[in-house]
Colleague: 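What follows is a single structure, and I will ask about it in a moment.
On a predicted model such as this, the values are computed, not experimentally measured, just so you know.
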2 protein chains.
Amino acid sequence: MLAKSSTELVRQQNSALVLSALRRHGRLAHTEISDATGLASATISSITADLERARIIEKSEQQATVGRGRPRVLFSQRRNCGYLITVIISSDLIQYSLVDYAGTLLDRFSEPRGEGGTAAFLATISAGLERAVERSRIDRGSVLLVSVSSKGIAHPSEPVLVWSPVFGSQPVDFAAALKDGWHAKVILNNETLLVAGALLEREVKTQGGGEPVLAALSLGHSIGLGIARRVAGGVPEISAPNFGHMLHMPSGGLCRCGARGCVEAYAGFYAILRAAFEVPVDTIPAKFVPVAEIDKIAARARQGNRMAQLAFRNAGAALGYGLSRLLSLHGHMPVFITGPGTRYQDLLQAGIEEGLAQTHVVRLGGMPGLTVVPDEPSLVFEGHLNLAFSIVDQDIIGSRQSMQAAGE
Amino acid sequence: MLAKSSTELVRQQNSALVLSALRRHGRLAHTEISDATGLASATISSITADLERARIIEKSEQQATVGRGRPRVLFSQRRNCGYLITVIISSDLIQYSLVDYAGTLLDRFSEPRGEGGTAAFLATISAGLERAVERSRIDRGSVLLVSVSSKGIAHPSEPVLVWSPVFGSQPVDFAAALKDGWHAKVILNNETLLVAGALLEREVKTQGGGEPVLAALSLGHSIGLGIARRVAGGVPEISAPNFGHMLHMPSGGLCRCGARGCVEAYAGFYAILRAAFEVPVDTIPAKFVPVAEIDKIAARARQGNRMAQLAFRNAGAALGYGLSRLLSLHGHMPVFITGPGTRYQDLLQAGIEEGLAQTHVVRLGGMPGLTVVPDEPSLVFEGHLNLAFSIVDQDIIGSRQSMQAAGE
DNA sequence: AGCTTTTTTCTCGACAGTCGAGAAATTAGA
DNA sequence: TCTAATTTCTCGACTGTCGAGAAAAAAGCT
């Protein structure tokens, strides 16, 4: 069923367009906004006047005043229009970042994630959020959005972690981490989904004509995958399929998730460890493997140790077969590999390519582009900002009465 | 990048809404359209007046005149506003159907698809299309759309068959089947994609609140899969992943496509034949297997023949593992099984469930709904109409100047 | 038959939004 | 001080949606 349209929705859409142009380029003049959005100059006047009245954007006083003619007035987001907190959960740490509405990082700190069940975990996060606002003396009510990322599977609409390596299928509802005084919306996304979104945005920025779809593959203790697709004239579509726990080998090695034969049970760090030491594949996987441990195996492999080489090669093959299935089911697309596992790319590459090579998709469409992108943490943060601000902007514009009221 | 909006687009969107309501319910009164679309009565007046002026819809004279009050005037599509030809290509036949703008079937005939290369094949279709318009004495120029379906992989935007069981990776461009005098747009879609689209539309009609996503699995000589997803307030999103040639078993049985270990090489009719007769899995697959042949094997299996039973069970397992991968990469969704292979469902079922059961997605989300829907041909045709008319309507509305001009 | 009731369609004016054109503003340079 | 250049701002025309109520037309009632 299609949705009906109206003139008000037109204004909403075009306001969003103006804000997103401001996000992308930061601090724009009237004419520049007009060029970037394709809207008529008069429309820009009207929209910016509205947004200014609603205290969402402001004219920045400092103007470079270069060239002749009437000096341009630059618009930018009002910094204290609202705040955003990103919460990046990794296996041992939780990182909190406080960002203002203009997108500048105000504060960042990390805390150990601690032991205990989901309740203790949520309490830790709750405390972390409190600390974040108190350190910068910010009103809880002015935090518009808390954007959480984690490994595992997020509920498609609620901020609930449906499955995670640590808590299994015990659900974690991050909305419960906000106590009284907070009005923020909470969103939760898979970490690699954010990476895919960030990579897509980078592609768009550098060369607009790039392929509008890509996959991000994160290698580490667990295996993450995100897909980002730019659809014509709309908000990009990003998703995080359950790649790490897709079936690789029926009745195969035991996985941390309890099932058998998952991709992760062959390509995760613990699986590489298991294979290198010829431990039976049905032994319970190690909870956590220090990277140094895998580094040692990699060193042995690079010195010619057959068993170590085979461990990496089999891990690569599991990834390659998995990627071939991804391409079969989602269409051909380039793959960007990231995460701590990229340091073993030399040992994995052959297996990955072997796994891909023999399948129908690859024979038909050619080997997909495989690009290593090492700096995962900054991609995750970038992905947080992209996604979070697009939601915040949408929400702010959506609540039109606020704009009307502020106009008084 | 978002697209800019304008008042004209609003009218386009709302006109499309009116036309789609007319498609769904056929022959509606002013008030009914208003109810169905949520638009104000005055807006309906304006839009219907426009569409009538543009000779797209008309008031149907015959009114049931039941109840008191001013009698309602019913609107419906003008039948001769344009025509649509669907071309359904199967392994041995090509079926042509001529449909008028109101959606009523005017003519239908089938022809053998013949032998020879792609050029001869296109010539056959070209002749078939000519025959279709001549039999009904319809002007070639008034055919708005030719909607073609086939097994295989269609190009995402062009009407080009990128890979097919018959022609392999030799491309077939159906646009070339239209000679001079034709102005029709040509679209090509995978057959099972249309089935998925039709099933989704049926779900929407019967119970609006059903899950907004489903997969259609077509079992036969080859294996087809379509996914249909209803996104909030938009046109449904349908796709046809390359499921049949997704990797099932590394270095496995030889497939018709030339690769090894595809799902089809275990679950296609020729694969069941191969397995039942214990032919080595690397023998060249049979070009075509009569259903009677598989029926015989099924009869033997039902009488307790172990080898025949195993052939079906393994086919089922290949499907089950494949479906588990589908659910991993596309999220949990119900599966509708169709095609000639559904007559062996009793023999396949156990294997399918076995393949699904052990994977992480199914352990987490439960066994997906598996529903058998036998009548594939009518689903294919339904899918053609759904998709084709949504495109035709969009095009007609999109060309606004035609509406203005006709208004003179 | 004539009046009332009921239901539907049609019309009008208010309001929101976009656009093009051109006026107003403001600076650099002659 | 004047002119050219450049940007912002404003005005009127146009398109579109909406609510309210007028107009139309059939059924029922007296």
Colleague: Side chain of E8(B) only, heavy atoms from C-beta on: which candidate in dC18(D), dT15(D), dT9(C) is closest?
Modeller: dT15(D)
Colleague: Applying salt bridge (Lys or Arg N to Asp or Glu O under 4.0 Å), can you list everything that pairs with R70(B), at least two apart in sequence or on another chain?
Modeller: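 Residues passing salt bridge (Lys or Arg N to Asp or Glu O under 4.0 Å) with R70(B): none at all.
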Colleague: By nearest atom, which of the nucleotides dT8(D), dC9(D), dC18(D) is closest to the T31(A) side chain?
Modeller: dT8(D)
Colleague: Okay, side chain of D393(A), backbone of A16(A): is any donor-acceptor separation there less than 3.5 Å?
Modeller: no
Colleague: According to salt bridge (Lys or Arg N to Asp or Glu O under 4.0 Å), who are the partners of D107(B), at least two apart in sequence or on a separate chain?
Modeller: R135(B)
Colleague: Check this one for me: any side-chain N or O of T7(A) less than 4.0 Å away from OP1 or OP2 of dT17(D)?
Modeller: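 For dT17(D), neither OP1 nor OP2 has a side-chain N or O of T7(A) closer than 4.0 Å.
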Colleague: With a non-hydrogen cut-off below 4.0 angstrom, is A29(A) in contact with a base, only sugar-phosphate, or nothing?
Modeller: sugar-phosphate
Colleague: Can you figure out which of dT17(D), dT8(D), dT18(C) approaches the side chain of N14(B) most closely?
Modeller: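 Shortest atom-to-atom distance from the side chain points to dT17(D).
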Colleague: Can you measure E52(A) atom CD to dT8(D) atom C1' for me and round it to whole angstrom units?
Modeller: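 My rounded result for the distance is 13 Å.
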Colleague: Let me spell it out: for each of E32(B) and V10(A), pick the nucleotide of DNA chain C with the closest heavy atom. Which residue's pick is nearer the 5' end?
Modeller: E32(B)
Colleague: Only counting residues at least two apart or in another chain, list the ones meeting salt bridge (Lys or Arg N to Asp or Glu O under 4.0 Å) with R140(B).
Modeller: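 Counting only residues at least two positions away or on another chain, R140(B) forms a salt bridge (Lys or Arg N to Asp or Glu O under 4.0 Å) with E130(B), E134(B).
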Colleague: Could I get the full list of side chain to side chain donor-acceptor pair (under 3.5 Å) partners for Q13(B), not counting sequence neighbours?
Modeller: none
Colleague: Just report the end-to-end axis angle for the helix from dA1(C)-dT30(D) to dA30(C)-dT1(D), five pairs per end, to 10 degrees.
Modeller: 30°
Colleague: To the nearest Å, give me how far apart CG (L74(B)) and C1' (dT9(C)) are.
Modeller: 13 Å
Colleague: Looking at T37(A) and L39(A), would you say the former's side chain and the latter's main chain have a donor-acceptor pair under 3.5 Å?
Modeller: yes
Colleague: Whole Å only: how far is the CZ atom of R11(B) from the P atom of dT18(C)?
Modeller: 17 Å
Colleague: On DNA chain D, compare the nucleotides closest to S6(A) and A42(A); which residue's is nearer the 5' end?
Modeller: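 With S6(A) and A42(A) compared, the 5'-side residue is A42(A).
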Colleague: Who pairs with E58(B) by salt bridge (Lys or Arg N to Asp or Glu O under 4.0 Å), at least two apart in sequence or on another chain?
Modeller: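 With sequence neighbours excluded, E58(B) shows a salt bridge (Lys or Arg N to Asp or Glu O under 4.0 Å) to R78(B), given in chain and number order.
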Colleague: From the options dT18(C), dT8(D), dC18(D), select the nucleotide whose nearest atom is closest to the side chain of K4(A).
Modeller: dC18(D)
Colleague: How long is the line joining NE2 of H30(A) and P of dC19(C), in whole Å?
Modeller: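 H30(A) atom NE2 is separated from dC19(C) atom P by 12 Å.
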Colleague: Atom pairs, N/O to N/O, protein against nucleotides 22-25 of chain D, distance under 3.5 Å?
Modeller:
residue, atom, partner, partner atom, Å
dA24(D), O4', R70(B), NH1, 3.2
dA25(D), N3, R70(B), N, 3.2

Colleague: To the nearest angstrom, how far is Q13(B) atom CD from dT15(D) atom C1'?
Modeller: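 Roughly 16 Å, once rounded to whole Å.
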Colleague: Look at E203(A) together with R230(A) and state whether they make a salt bridge at an N to O cut-off of under 4.0 Å.
Modeller: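 R230(A) and E203(A): not salt-bridged.
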Colleague: Could you list the residues that satisfy ring-ring contact (aromatic ring centres under 6.0 Å, His included) with H330(B), not counting sequence neighbours?
Modeller: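 Expected list: H330(A).
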Colleague: Holding to side chain to side chain contact (heavy atoms under 4.5 Å, CB included), I want the full list of residues that pass it with I238(A), two or more places apart in sequence or in another chain.
Modeller: L193(A), A228(A), L387(A)
Colleague: Can you tell me how far P of dA16(C) sits from CG of D50(A), to the nearest Å?
Modeller: 11 Å
Colleague: Check the phosphate of dT8(C) against K59(B), side-chain N and O only, distance under 4.0 Å to OP1 or OP2. Yes or no?
Modeller: no
Colleague: Which of these nucleotides, dC19(C), dT10(D), dT18(C), is closest to any side-chain atom of S45(A)?
Modeller: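 Shortest atom-to-atom distance from the side chain points to dT10(D).
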Colleague: Among dT15(D), dG20(C), dT9(C), which is the nearest nucleotide to the side chain of R72(B)?
Modeller: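 Shortest atom-to-atom distance from the side chain points to dT9(C).
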Colleague: Between the side-chain atoms of S41(B) and the base atoms of dC18(D), is any donor-acceptor pair under 3.5 Å?
Modeller: no
Colleague: Within this structure, what is the CG-to-P distance between L9(B) and dG17(C), rounded to whole angstrom?
Modeller: 16 Å
Colleague: Quick one: I33(B) CD1 to dC10(C) C1', roughly how many Å, whole number?
Modeller: 14 Å
